[in-house]
Protein chains: 2
Amino acid sequence: MGVAERKEREKEELREQILTAAKSLFLKKGVEKTSIRNIADLIEYSPGSIYHYFKDKDEIFYALHQGGFQQLMAKMVVINDLPHPLERLKAMGRIYVHFALENPDMYDLMFIKEAPLDHVARTKALEWNEGEATFKFLRSTLRECMEQGYFQGQEEEALSFLIWSTVHGMVSLSIRRRCEVVLADRQDTIVKDGLNAFFNILDRL
Amino acid sequence: MGVAERKEREKEELREQILTAAKSLFLKKGVEKTSIRNIADLIEYSPGSIYHYFKDKDEIFYALHQGGFQQLMAKMVVINDLPHPLERLKAMGRIYVHFALENPDMYDLMFIKEAPLDHVARTKALEWNEGEATFKFLRSTLRECMEQGYFQGQEEEALSFLIWSTVHGMVSLSIRRRCEVVLADRQDTIVKDGLNAFFNILDRL
DNA sequence: TTTTGTAATTAAACACTGTTCATTTATATT
DNA sequence: AATATAAATGAACAGTGTTTAATTACAAAA
């Protein structure tokens, strides 16, 4: 009959429209300051319509959050052809930091805001799958490094967490504008400098 | 005459009452979900009254934020009697992490939330004095370490930032509940383990 | 072509929010 | 007791997320 298919397609299109509008508003004004009515205005539908496509505001937020991980992961996979695991680890760090600074609001959404995990808690999933995949990627790269003799005397899980924390710490301080405490002439480059200092340490380990 | 003084005192008392009520609600329900009316209800005053004591909700938030730094700094100064600078540095790290995990909502307020800096931006101060004092403390401790020969080949500002980022990264991932990606049996201890792994690295540097 | 059934959309309503402000209340001084 | 002043109030404004009864659009059946 084909009609059902077209309807399905149209429904999917509107869902996508909502997501696109929400994303542009979230990234422009912030999640908190974007109202359902703002989104509705932008797509020229009534506020109520949005609730036929998403349970609540958090569900919109969470859908975008998932998209962010796909983006990040897509950028990560290109390092697979680097043969040296330590080089791969450092490349991961650079990609992570670069992604965070290029897409601060999306990063915020993914790793800083509390909403997505509230959503995870309120639905049924006890797991944060998107984040887990990213962490697994780090852990396996680190394991390869250790198999080749790097980081002796260290333990895989703790070191994985430590490395993640370090890059997350730098970018999240930057994104949430706590870097104003470093010397004025260093503020623009402090994340880059910090990352290089970190790599320097990793090399000597 | 004494009357003005008593009035002044009473005014100060109510201000303090507002702050106490706001703090307990902020820490219990979160800043976003605490309304001025909630605070007013708790102290049994009308919502309008609060605006005689604070310009807006952010000003209440900012006042508490300052209190948090005083708390943290008070805990920090006790390390001054440790003669060895590297021991002092590590003690700072432990105190910082301990404070963050003991007072997650206050830490959130101080280092994660964006509001206080919005406040700083909107008033006149271009500086985040509370944070700056804490960072200076770290930097001077680190300098002493370097003067005694530690961390050779590293640069003071970048390394200060890196160290701060590392501890901030660990606690903020923990507070914002991103630690669920680490192995299930390690989740309870991962921040402690990560910190020890970090100290281990610092020792070898 | 008209009727029917269903899915999509809407406007209105509810209970909130931060904030402002004219009015009322309380109280110290004259 | 009257006055001046500072403090507290409650109503109002314009917004919020969300729910729901009513309406509209439209493909399928008669």
Side-chain angles (χ1 to χ4, degrees), chain A residues 1-19 21-23 25-26 28-64 109 113-116 118-119 122-123, chain B residues 1-19 21-23 25-26 28-64 109 113-116 118-119 122-123:
Chain A
M1 34 194 80
V3 174
E5 279 88 340
R6 201 207 65 217
K7 284 241 168 177
E8 193 59 40
R9 220 167 44 236
E10 282 175 357
K11 221 185 152 183
E12 185 53 39
E13 268 168 35
L14 186 47
R15 208 191 117 95
E16 221 55 53
Q17 257 191 77
I18 294 170
L19 244 25
K23 187 176 177 182
L25 288 172
F26 282 2
K28 201 197 296 171
K29 319 198 316 172
V31 177
E32 232 71 54
K33 295 196 167 168
T34 299
S35 70
I36 298 291
R37 284 171 182 80
N38 293 156
I39 301 170
D41 280 353
L42 197 57
I43 60 168
E44 296 176 298
Y45 274 78
S46 73
S49 310
I50 291 177
Y51 288 86
H52 286 254
Y53 295 84
F54 297 94
K55 201 184 123 284
D56 55 24
K57 198 181 170 184
D58 264 7
E59 200 164 289
I60 303 174
F61 184 91
Y62 188 63
L64 291 174
L109 225 97
K113 288 232 150 65
E114 38 209 340
D118 285 1
H119 183 273
R122 274 194 294 99
T123 54
Chain B
M1 36 195 69
V3 176
E5 278 88 340
R6 200 207 67 220
K7 284 240 166 177
E8 194 58 41
R9 219 167 44 236
E10 282 176 358
K11 226 189 147 179
E12 185 53 38
E13 268 168 36
L14 187 47
R15 207 191 116 96
E16 221 55 52
Q17 257 192 76
I18 294 169
L19 245 24
K23 186 175 176 180
L25 288 172
F26 281 2
K28 201 198 297 169
K29 319 200 314 172
V31 178
E32 232 72 51
K33 294 195 168 168
T34 299
S35 71
I36 298 290
R37 285 171 182 81
N38 294 156
I39 300 170
D41 282 352
L42 196 57
I43 60 169
E44 295 176 300
Y45 274 78
S46 72
S49 311
I50 291 177
Y51 288 87
H52 287 254
Y53 296 83
F54 296 95
K55 201 185 121 287
D56 55 24
K57 198 181 170 185
D58 264 7
E59 200 164 288
I60 303 174
F61 183 93
Y62 189 64
L64 291 174
L109 226 96
K113 287 232 150 62
E114 38 209 340
D118 284 1
H119 183 274
R122 274 193 294 97
T123 55

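Excluded from the calculations below are hydrogen atoms, water molecules and symmetry mates; all remaining heavy atoms, backbone and side chain alike, are included. Just so it is clear: chains get the letters A, B, ... in the order the sequence lines come, proteins before strands, and each one is counted from 1.
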From the list [options], which nucleotide is the closest neighbour of the side chain of [X]?
| X | options | result |
| --- | --- | --- |
| A:S46 | D:dT18, C:dT9, C:dT19 | C:dT9 |
| B:N38 | C:dT19, C:dT17, C:dT9 | C:dT17 |
| B:Y51 | D:dT18, C:dT10, C:dT20 | C:dT20 |
| B:K57 | D:dT9, D:dA7, C:dG18 | C:dG18 |

Fill in: side chain to side chain contact (heavy atoms under 4.5 Å, CB included), paired with A:L25, selected from A:D41, A:N38, A:V31
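Of the listed options, the one satisfying the test is A:N38.
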
Please give, in whole Å, the distance from [N] [atom2] to [X] [atom1]?
| X | N | atom1 | atom2 | value |
| --- | --- | --- | --- | --- |
| B:Q17 | D:dA7 | CD | C1' | 14 Å |
| A:I18 | C:dA8 | CD1 | C1' | 12 Å |
| A:K55 | D:dG17 | NZ | P | 14 Å |
| B:E59 | C:dG18 | CD | C1' | 14 Å |
| A:I50 | D:dT16 | CD1 | C1' | 13 Å |
| B:D56 | C:dT17 | CG | P | 17 Å |
| A:K11 | D:dC26 | NZ | C1' | 16 Å |
| B:E10 | C:dA28 | CD | C1' | 12 Å |

Item to complete: Would you kindly compare A:P47 and B:Y45 by the position of their nearest DNA chain D nucleotide and give the one closer to the 5′ end?
Response: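 Final value for this comparison: B:Y45.
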
Worksheet item: Is the number of heavy atoms from other residues, nucleotides or ligands within 6.0 Å of CD (B:E10) greater than 12?
Response: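 Yes.
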
Worksheet item: More than 12 foreign heavy atoms under 6.0 Å from NZ of A:K23: is that the case here?
Response: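 Result for NZ/A:K23: open.
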
Practice prompt. Spell out yes or no: do the side chain of A:R37 and the base of D:dG17 have one donor N/O and one acceptor N/O closer than 3.5 Å?
Written response: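 Between D:dG17 and A:R37, which were checked side chain against base, a qualifying N/O pair under 3.5 Å is present.
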
Discussion item. Suppose we call a contact any N or O donor and acceptor under 3.5 Å apart; does that hold for the side chain of B:H52 and the base of D:dA7?
Written reply: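 When only heavy-atom distances are counted, B:H52 does not reach the base of D:dA7 through any donor-acceptor pair under 3.5 Å.
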
NA contact type, [X], heavy-atom cut-off 4.0 Å: base, sugar-phosphate, or nothing?
| X | answer |
| --- | --- |
| B:S35 | sugar-phosphate |
| A:F54 | nothing |
| B:L14 | sugar-phosphate |

Discussion item. Using modelled atom types and a 3.5 Å cut-off, is there a donor and acceptor pairing between side-chain atoms of A:T34 and backbone atoms of A:G30?
Written reply: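 Between the backbone of A:G30 and the side chain of A:T34 there is a qualifying donor-acceptor contact (under 3.5 Å).
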
Worksheet entry | Backbone N/O of B:K33 and side chain of B:K29: donor-acceptor pair under 3.5 Å |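 Yes, B:K29 side chain to B:K33 backbone: donor-acceptor pair under 3.5 Å.
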
Worksheet item: Does C:dT10 have OP1 or OP2 sitting under 4.0 Å from an N or O in the side chain of A:S49?
Response: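 True: A:S49 side-chain N/O within range (under 4.0 Å) of C:dT10 OP1/OP2.
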
Worksheet item: Under 4.0 Å between a side-chain N or O of B:Y53 and OP1 or OP2 of D:dA8?
Response: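 Answer is yes, contact under 4.0 Å.
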
